[in-house]
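Since the structure comes first, as structure tokens, the remarks are kept for the end.
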Amino acid sequence: MIATGQVMITLQPWLGVRLSRQMEGLMEDLARQMNLYSSRYDPDDLARQLDSRLFCAVRDLTKCTMLAEMEEGIWIRIQVEDFAMMADELMLLIFQQFPVDAAHFMLLQEYSMRCASLSALRVLYTRFSSLQSPQELNAIASVIRSCHPSFRWREWLD
């Protein structure tokens, strides 16, 4: 079960504490929506919905400035591409709950290739490692390091 607090903590690096608190109602809705997800459905659809809902909420709350105040008092402009990263980070909360079996392995593998999802690669690397050879795990690590910013993987990959 994904809690609202998990959603808030996941998004705070992009939104800051103040904007996250202003969006608490949306965070509850996102957690509810994510908890209804079933692996029988395409994860692409959910990721797109999360991306779109976050973008619209931030645009509306910031009156189109897309500015968020970080804890240090620094203001940052949230970029359009940040919303895809936020949605992918939220998808991690779902993927981490998948049982380690062949069907979910295939779903994550296909999704990671189709959508360049770091979250899917992370779960393949960390939770589904028993279903892969050392060469496959090295290939995943190499893709992660070369295709994704280090701030998203340095805590759990190195």
Do the non-hydrogen side-chain atoms of [X] and [Y] ever get within less than 4.5 Å of each other?
X: Gln12; Y: Val17; value: yes
X: Arg18; Y: Arg21; value: no
X: Leu50; Y: Gln33; value: yes
X: Gln132; Y: Phe105; value: yes
X: Met66; Y: Phe83; value: yes
X: Glu89; Y: Leu11; value: no
X: Arg122; Y: Trp153; value: no
X: Leu124; Y: Ser112; value: yes

Audit row: Ser119, Arg152, side-chain contact (heavy atoms from CB on, under 4.5 Å) steps and yes/no: CA-CA 9 Å; Ser119 293; Arg152 291 190 66 205; 4.3 Å; yes

Could you give the distance from [atom1] ([X]) to [atom2] ([Y]), rounded to the nearest 0.5 Å?
X: Met1; Y: Met34; atom1: CE; atom2: CE; result: 11.5 Å
X: Leu19; Y: Leu67; atom1: CG; atom2: CG; result: 10.0 Å
X: Leu90; Y: Met85; atom1: CG; atom2: CE; result: 13.0 Å
X: Glu24; Y: Glu28; atom1: CD; atom2: CD; result: 5.5 Å
X: Tyr111; Y: Asp42; atom1: OH; atom2: CG; result: 8.5 Å
X: Leu30; Y: Met86; atom1: CG; atom2: CE; result: 11.0 Å

Co-membership, hydrophobic cluster, residues [X] and [Y], 4.5 Å side-chain:
X: Tyr125; Y: Val100; result: yes
X: Ile94; Y: Tyr41; result: yes
X: Met70; Y: Leu61; result: no
X: Met106; Y: Met91; result: yes
X: Ile78; Y: Ile74; result: no

Val58 and Met23: CA distance, side-chain angles, deciding distance, side-chain contact (heavy atoms from CB on, under 4.5 Å) verdict: CA-CA 8 Å; Val58 169; Met23 297 173 65; 4.0 Å; yes

Worked check of side-chain contact (heavy atoms from CB on, under 4.5 Å) between Tyr37 and Ile2: CA-CA 11 Å; Tyr37 174 78; Ile2 298 167; over 6 Å; no

Would you say [X] has more than 12 foreign heavy atoms packed within less than 6.0 Å of its [atom1]?
X: Glu71; atom1: CD; answer: no
X: Arg114; atom1: CZ; answer: yes
X: Phe151; atom1: CZ; answer: yes
X: Glu155; atom1: CD; answer: no

Main-chain N/O of Asn138 paired with Ser142 side-chain donor or acceptor, under 3.5 Å: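 Judged by distance alone, no pair lies under 3.5 Å.
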
Under 3.5 Å donor-acceptor, Asp44 side chain and Cys115 backbone: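 A pair under 3.5 Å: no.
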
Grab the two heavy atoms, one from [X] and one from [Y], that are nearest each other, plus how far apart they are.
X: Arg127; Y: Phe95; result: NH1-O, 3.7 Å
X: Leu15; Y: Met27; result: CD1-CE, 3.8 Å
X: Asp29; Y: Arg53; result: CB-NH2, 3.4 Å

Pair Asp51 + Arg48, salt bridge at N-O below 4.0 Å: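 Salt bridge: no.
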
Parallel, tilted or perpendicular, as decided by the 30° and 60° cut-offs, for the rings of Phe98 and His104: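 Tilted.
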
side-chain contact (heavy atoms from CB on, under 4.5 Å) assessment of Gln96 paired with Thr126: CA-CA 9 Å; Gln96 287 176 325; Thr126 59; 6.0 Å; no

